[in-house]
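I have placed the structure first, in the form of structure tokens, so that the comments after it can refer back to it.
Excluded from the calculations below are hydrogen atoms, water molecules and symmetry mates; all remaining heavy atoms, backbone and side chain alike, are included.
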Protein chains: 2
Amino acid sequence: MDQTNREIVSILLRDGRASFAEIGDAVGLSATAVKRRVDRMQARGEISGFTVRVAPEELGWGIEAYVEIFCRGNISPAALERDFGPIPEVVRVDTVTGEADALVQIMAGSMSDVERIVESFRVNARVDKTRTAIVMSRVIDRPARLD
Amino acid sequence: MDQTNREIVSILLRDGRASFAEIGDAVGLSATAVKRRVDRMQARGEISGFTVRVAPEELGWGIEAYVEIFCRGNISPAALERDFGPIPEVVRVDTVTGEADALVQIMAGSMSDVERIVESFRVNARVDKTRTAIVMSRVIDRPARLD
DNA sequence: ATTGAAACTGGATTAGC
DNA sequence: GCTAATCCAGTTTCAAT
């Protein structure tokens with residue numbers, strides 16, 4: 001990944017629908033060249049896709065929560081993916097250092113949804129304990145910057 | 001926000017560069033009507049923008065971390081925004097229920113960057129204590145779904 | 001107030017270099 | 001990587017509902 005690709009990605013982070021011509025002007029390439037670079041980055045998996053950024057509450061995701069997962073014994077990333085992947089409200093799962101084994105982020109419609117989802121984590125035999133932090137206010141939420 | 005807009009957003013969540021014509025086919029509207037609906041959602045702030053989804057390690061963000069922030073006394077969202085907003089590695093800040101007052105998510109180039117950034121949190125007079133969890137593996141990371 | 005059709009503009013894409 | 005040619009999407013206008 002060279003500097004030019006970094007600049008292209010930097011622009012796309014700020015505006016995922018920027019035209020190839022615009023990007024080309026900014027980085028000093030033709031639109032064609034930019035398109036090929038973006039296509040190649042997508043083919044290599046450096047770019048995994050494009051998406052829209054939405055105000056969660058407008059879409060019925062009234063509640064967000066972080067759930068720390070404490071397991072009995074070890075848990076593999078593959079097992080986590082199998083267990084949490086099918087739950088649509090789960091938007092993110094990381095294995096982490098520290099007390100907890102994993103951190104799960106959920107976006108739900110209501111507090112009772114959170115309750116139900118977290119409860120469903122517990123039926124999983126490997127999950128020993130959970131600790132939930134409800135998001136009160138989203139202060140900053142932005143794509144990482146390159147510059 | 002009506003059902004049609006939900007469907008449009010649902011498509012854009014999966015492909016943020018989908019053409020208005022494609023979306024129109026899927027929801028039973030003309031490209032024109034779709035464009036206007038997207039424009040209006042953007043004007044109302046329901047859609048805050050479009051972005052690319054990238055593989056962080058490809059971009060020099062080798063390390064991600066969650067930092068729990070414990071404050072002396074109260075801390076307002078506005079103060080958090082002022083203190084953390086200028087740090088480019090900070091991608092997310094939420095005030096949360098539970099032990100910690102806020103949860104900060106950072107994307108950094110290296111462990112020493114994490115150390116430096118977390119250390120910089122501490123110089124802030126209001127921050128009493130921090131607890132850092134380093135991400136070992138990103139198991140799931142996806143936009144929330146509407147279905 | 002919102003839509004669809006048509007016309008126009010300009011970007012996306014392909015072919016050739 | 002660029003240019004040129006083609007195609008198609010984005011955008012605006014306008015009439016209709």
Side-chain angles (χ1 to χ4, degrees), chain A residues 1-62 107 109 141-147, chain B residues 1-61 109 141-147:
Chain A
M1 170 93 83
D2 65 5
Q3 184 52 32
T4 304
N5 277 358
R6 283 222 174 69
E7 285 173 39
I8 292 170
V9 168
S10 171
I11 292 165
L12 287 173
L13 282 167
R14 275 172 288 166
D15 177 9
R17 283 182 87 104
S19 76
F20 295 136
E22 275 179 77
I23 300 169
D25 284 347
V27 302
L29 284 177
S30 69
T32 315
V34 172
K35 175 193 173 357
R36 273 196 298 244
R37 279 171 172 270
V38 171
D39 285 348
R40 248 178 288 133
M41 285 192 275
Q42 252 182 304
R44 283 195 298 258
E46 294 162 5
I47 286 177
S48 62
F50 294 87
T51 192
V52 64
R53 297 178 62 81
V54 288
E57 54 291 351
E58 297 293 338
L59 290 164
W61 299 315
M107 295 184 70
D141 184 9
R142 61 189 180 197
R145 287 185 300 147
L146 281 175
D147 23 25
Chain B
M1 169 93 84
D2 65 6
Q3 184 53 30
T4 303
N5 277 358
R6 282 221 173 69
E7 286 172 39
I8 292 171
V9 169
S10 172
I11 292 165
L12 287 173
L13 281 168
R14 275 172 288 168
D15 177 9
R17 283 182 86 104
S19 76
F20 295 137
E22 278 178 75
I23 300 169
D25 284 348
V27 304
L29 281 178
S30 69
T32 315
V34 173
K35 175 195 171 0
R36 273 190 300 239
R37 279 170 173 269
V38 171
D39 286 348
R40 250 177 285 137
M41 284 190 277
Q42 256 183 301
R44 283 195 295 256
E46 294 161 5
I47 287 176
S48 63
F50 294 87
T51 192
V52 63
R53 298 178 63 80
V54 288
E57 56 290 352
E58 298 292 339
L59 290 165
W61 299 315
D141 184 9
R142 61 188 179 197
R145 289 187 298 146
L146 282 173
D147 18 23

At a heavy-atom distance below 4.0 Å, which nucleotide of DNA chain D is the first touched by chain A, and which is the last?
D/dG1 to D/dG10
Taking both distances under 3.5 Å as the test for a Watson-Crick or G-U pair, what stems of at least three pairs does DNA chain D have?
C:1-7 with D:11-17, C:9-17 with D:1-9
Those residues at least two apart in sequence (or on a different chain) that pass salt bridge (Lys or Arg N to Asp or Glu O under 4.0 Å) with A/Asp25 are none
Might you point out which heavy atoms bring A/Met107 and B/Ala144 nearest each other, and give the distance in Å?
SD-CB, 3.9 Å
Show your reasoning for whether side-chain contact (heavy atoms from CB on, under 4.5 Å) applies to A/Val52 and B/Thr51.
CA-CA 6 Å; A/Val52 64; B/Thr51 192; over 6 Å; no
Step by step, would you call B/Arg37 with B/Asp2 a side-chain contact (heavy atoms from CB on, under 4.5 Å)?
CA-CA 11 Å; B/Arg37 279 170 173 269; B/Asp2 65 6; 3.2 Å; yes
Please determine, by modelled atom types, if A/Ser10 and A/Arg6 share a side-chain donor-acceptor pair under 3.5 angstrom.
no
Tell me which residues in residues 3-10 of chain B put a heavy atom below 4.0 Å from DNA chain D, sorted by number, or none.
none
Within residues 32-46 of chain A, residues whose heavy atoms come under 4.0 Å of DNA chain D:
A/Thr32, A/Ala33, A/Arg36, A/Arg37
Rounded to the nearest 0.5 Å, what separation is found between the CG atom of B/Leu59 and the CE atom of A/Met41?
8.5 Å
Indicate the atoms forming the closest heavy-atom contact of A/Gly45 with B/Ala55, along with that distance.
O-CB, 3.7 Å
Work out which heavy atom in B/Met1 is nearest to a heavy atom in A/Glu58; give both atom names and the distance.
CE-O, 3.6 Å
Run the side-chain contact (heavy atoms from CB on, under 4.5 Å) test on A/Val34 and A/Thr4 for me, step by step, so that the C-alpha distance in whole Å, both residues' side-chain angles and the decisive distance to 0.1 Å come before the verdict.
CA-CA 9 Å; A/Val34 172; A/Thr4 304; over 6 Å; no
In sequence, state the C-alpha distance, the side-chain angles, and the governing distance for A/Ile8 and A/Phe20, and then conclude on side-chain contact (heavy atoms from CB on, under 4.5 Å).
CA-CA 9 Å; A/Ile8 292 170; A/Phe20 295 136; over 6 Å; no
Quick one: are B/Leu13 and A/Phe50 in side-chain contact, heavy atoms under 4.5 Å?
no
Are the side chains of B/Ile23 and B/Leu29 in touch, meaning some heavy atoms are under 4.5 Å apart?
no
B/Phe20 CZ to C/dG11 P, straight-line distance once rounded to whole Å
15 Å
Main-chain N/O of B/Leu12 paired to B/Arg17 side chain as donor or acceptor, under 3.5 Å
no
Going by number, which of residues 22-31 of chain A have a non-hydrogen atom under 4.0 Å from DNA chain D?
A/Leu29, A/Ser30
Between the side chains of B/Asp39 and B/Arg44, is the shortest nitrogen-to-carboxylate-oxygen separation below 4.0 Å, so that they form an ion pair?
no
Less than 4.5 Å apart, side chain to side chain, heavy atoms only: is that true for B/Arg53 and B/Pro143?
yes
